[in-house]
> 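Let me begin by handing over the structure; questions about it come next.
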There are 2 protein chains.
Amino acid sequence: MDTAWLSEDEEHAWRAFRRLLIALPARLGRDLARDSGLSSADYEVLSTLSEKPNRRWALKDLAAKMEWSRSRLSHHAARMQGRGLIDKEPDPQDARGCILHLADGGFRVLEEAAPHHVVAVRSRFLDHLSSDELAVLRTLSTRIADLPN
Amino acid sequence: MDTAWLSEDEEHAWRAFRRLLIALPARLGRDLARDSGLSSADYEVLSTLSEKPNRRWALKDLAAKMEWSRSRLSHHAARMQGRGLIDKEPDPQDARGCILHLADGGFRVLEEAAPHHVVAVRSRFLDHLSSDELAVLRTLSTRIADLPN
DNA sequence: GAGCTTTCGATGACATGTCAACGACCGTAC
DNA sequence: GTACGGTCGTTGACATGTCATCGAAAGCTC
């Protein structure tokens, strides 16, 4: 029913890819939780924050960068603040705004987590792709992700 | 930080693919909700149920097929039953068990939803891939999804 | 067939995500 | 400078997913 109007090839490819779409994030998330006590969402927030030299982002900019809603980031940031991973500061440029800052605790957790995560990305994904496959996957992913929403 | 120990190529490919991993399910889910009032999870349950000639699966088997926990399916099935999409029947083979049955209402909703969903999968994904890319994606997805959990 | 272990689905507590609404503040136009 | 529409982050209600636990029933061993 699902794939009634797809060719054999399309149907098989779509089914296989859909399995990957479910399985890979689930496995990486489990690894992350086991190794570092972080969720994938936590990790993404911490690592994106760490990209800026001063480890600070305005909430709205961080939300845009990660393609999260401001509401989601607001909720999540409140929880991460409670765990001492990040701080919130008022935005001197805009009194409505809010600056998120990677706290020292969060930085240490991220430093601890990153190498394990890289190992996981390798062992569950990169190590099993040829460089040709990697190149194809990159161009194809970029093309499709860049389509209008 | 995230990708400190990946090569340039690996890092770019991984970033691009991760974007796809987030964006594609989100877009298809939005399309599905808009066109049919179903979540992706709803659609997966309905379409998997419809695969059996009698439209029935034991809860545990359906959960295994979809790689969901029994708990998750139990919760979700209760909600879908409330909406008239599926029925629950006692399992004659196993008094602990539970048979999920695609109700007429659910079947109609699925029949309505499926063509729209196929169009969405094409326009947001398949139409933008060459047959070579599709073949590469299929073998690569299968290989990685088949890795041990 | 009695006792022990496992499996099944349900349940409640909790974590997480979405959505609509809100007050506060910004920027612009007048 | 004030009125107005848009943007900011927060909030609460709700939907969904996870986890540990439970009672019931099945399967296994003897």
Side-chain angles (χ1 to χ4, degrees), chain A residues 21-23 25-34 37-46 49 56-83 85-101 149, chain B residues 21-23 25-34 37-46 49 56-83 85-101 149:
Chain A
L21 233 40
I22 304 291
R27 291 171 190 172
L28 290 176
R30 250 186 302 119
D31 292 345
L32 210 42
R34 176 175 40 71
L38 295 174
S39 67
S40 297
D42 296 333
Y43 187 84
E44 204 182 326
V45 171
L46 295 179
L49 276 176
R56 282 168 172 81
W57 285 74
L59 189 149
K60 80 180 168 67
D61 295 332
L62 186 59
K65 166 80 173 176
M66 301 196 303
E67 303 186 73
W68 284 19
S69 69
R70 295 193 317 259
S71 167
R72 177 179 179 187
L73 183 53
S74 175
H75 280 301
H76 206 95
R79 278 174 250 136
M80 293 180 75
Q81 186 181 27
R83 294 194 283 153
L85 299 173
I86 64 176
D87 302 318
K88 288 189 198 177
E89 302 169 353
D91 184 341
Q93 309 300 312
D94 183 337
R96 295 167 303 181
C98 166
I99 304 287
L100 300 184
H101 168 234
N149 256 322
Chain B
L21 233 39
I22 304 291
R27 291 171 190 173
L28 291 175
R30 250 185 303 120
D31 292 344
L32 209 41
R34 176 174 42 72
L38 295 174
S39 66
S40 297
D42 296 334
Y43 187 85
E44 204 181 324
V45 170
L46 294 179
L49 276 175
R56 282 171 172 80
W57 285 74
L59 188 148
K60 81 182 168 67
D61 294 332
L62 185 59
K65 166 78 174 175
M66 298 195 304
E67 305 187 72
W68 284 18
S69 69
R70 295 192 318 260
S71 168
R72 175 179 180 186
L73 183 52
S74 175
H75 279 301
H76 206 95
R79 277 173 254 143
M80 293 180 75
Q81 186 182 28
R83 294 194 283 154
L85 298 174
I86 65 174
D87 303 318
K88 288 189 198 180
E89 303 169 353
D91 186 341
Q93 311 299 311
D94 184 337
R96 294 168 304 180
C98 167
I99 303 287
L100 301 183
H101 168 235
N149 257 322

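Quick note on labels: first sequence line is chain A, next is B, and so on, each numbered from 1.
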> Stepwise, does the side chain to side chain contact (heavy atoms under 4.5 Å, CB included) test hold for S40(A) with L28(A)?
CA-CA 8 Å; S40(A) 297; L28(A) 290 176; 5.5 Å; no
> The criterion is salt bridge (Lys or Arg N to Asp or Glu O under 4.0 Å); which residues satisfy it with R83(A), sequence neighbours excluded?
D42(A)
> Between E67(B) and I22(A), does the side chain to side chain contact (heavy atoms under 4.5 Å, CB included) criterion hold? Intermediate values first, please.
CA-CA 9 Å; E67(B) 305 187 72; I22(A) 304 291; 5.8 Å; no
> Under 4.0 angstrom, heavy atoms only, what part of the nucleic acid is D94(B) near: base, sugar-phosphate, or nothing?
sugar-phosphate
> Calculate the interatomic distance between L62(A) atom CG and dC8(D) atom C1'; express it in whole Å.
15 Å
> Checking L100(B) against V45(B) for the side chain to side chain contact (heavy atoms under 4.5 Å, CB included) test, could you report, in this order, the C-alpha distance in whole Å, the side-chain angles of both residues, the deciding distance, and whether it holds?
CA-CA 10 Å; L100(B) 301 183; V45(B) 170; 5.7 Å; no
> Calculate the interatomic distance between W57(B) atom CH2 and dG9(C) atom P; express it in whole Å.
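Rounded to whole Å, this separation is 13 Å.
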> Starting at atom CG of L73(A), determine the distance to atom P of dG9(D), rounded to an integer number of angstrom.
8 Å
> What is the separation between atom CD on Q81(A) and atom P on dG9(D), rounded to the nearest whole Å?
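Nearest whole value for this atom pair: 14 Å.
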> Without decimals, in angstroms, what is the distance between I99(B) CD1 and dG9(C) C1'?
12 Å
> Taking CD from Q93(A) and C1' from dC26(C), how many angstroms apart are they, rounded to a whole number?
13 Å
> Output the rounded distance in Å from NZ (K60(B)) to P (dG9(C)).
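Going from K60(B) (NZ) to dG9(C) (P), I get 7 Å.
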> One pair to check against side chain to side chain contact (heavy atoms under 4.5 Å, CB included): N149(B) and R27(A). What are the steps and the verdict?
CA-CA 7 Å; N149(B) 257 322; R27(A) 291 171 190 172; 2.8 Å; yes
> For each nucleotide in nucleotides 12-24 of chain D, reading 5' to 3', give B when a protein heavy atom comes within less than 4.0 Å of its base, S when such contact involves only the sugar-phosphate, and - otherwise.
B---SSBB----B
> Round to a whole Å and report the spacing from CZ of R34(B) to P of dC19(C).
13 Å
> Do H75(A) and R72(A) have a side chain donor and acceptor closer than 3.5 Å?
no
> Under 4.0 Å between a side-chain N/O of K88(B) and OP1 or OP2 of dA10(C), yes or no?
yes
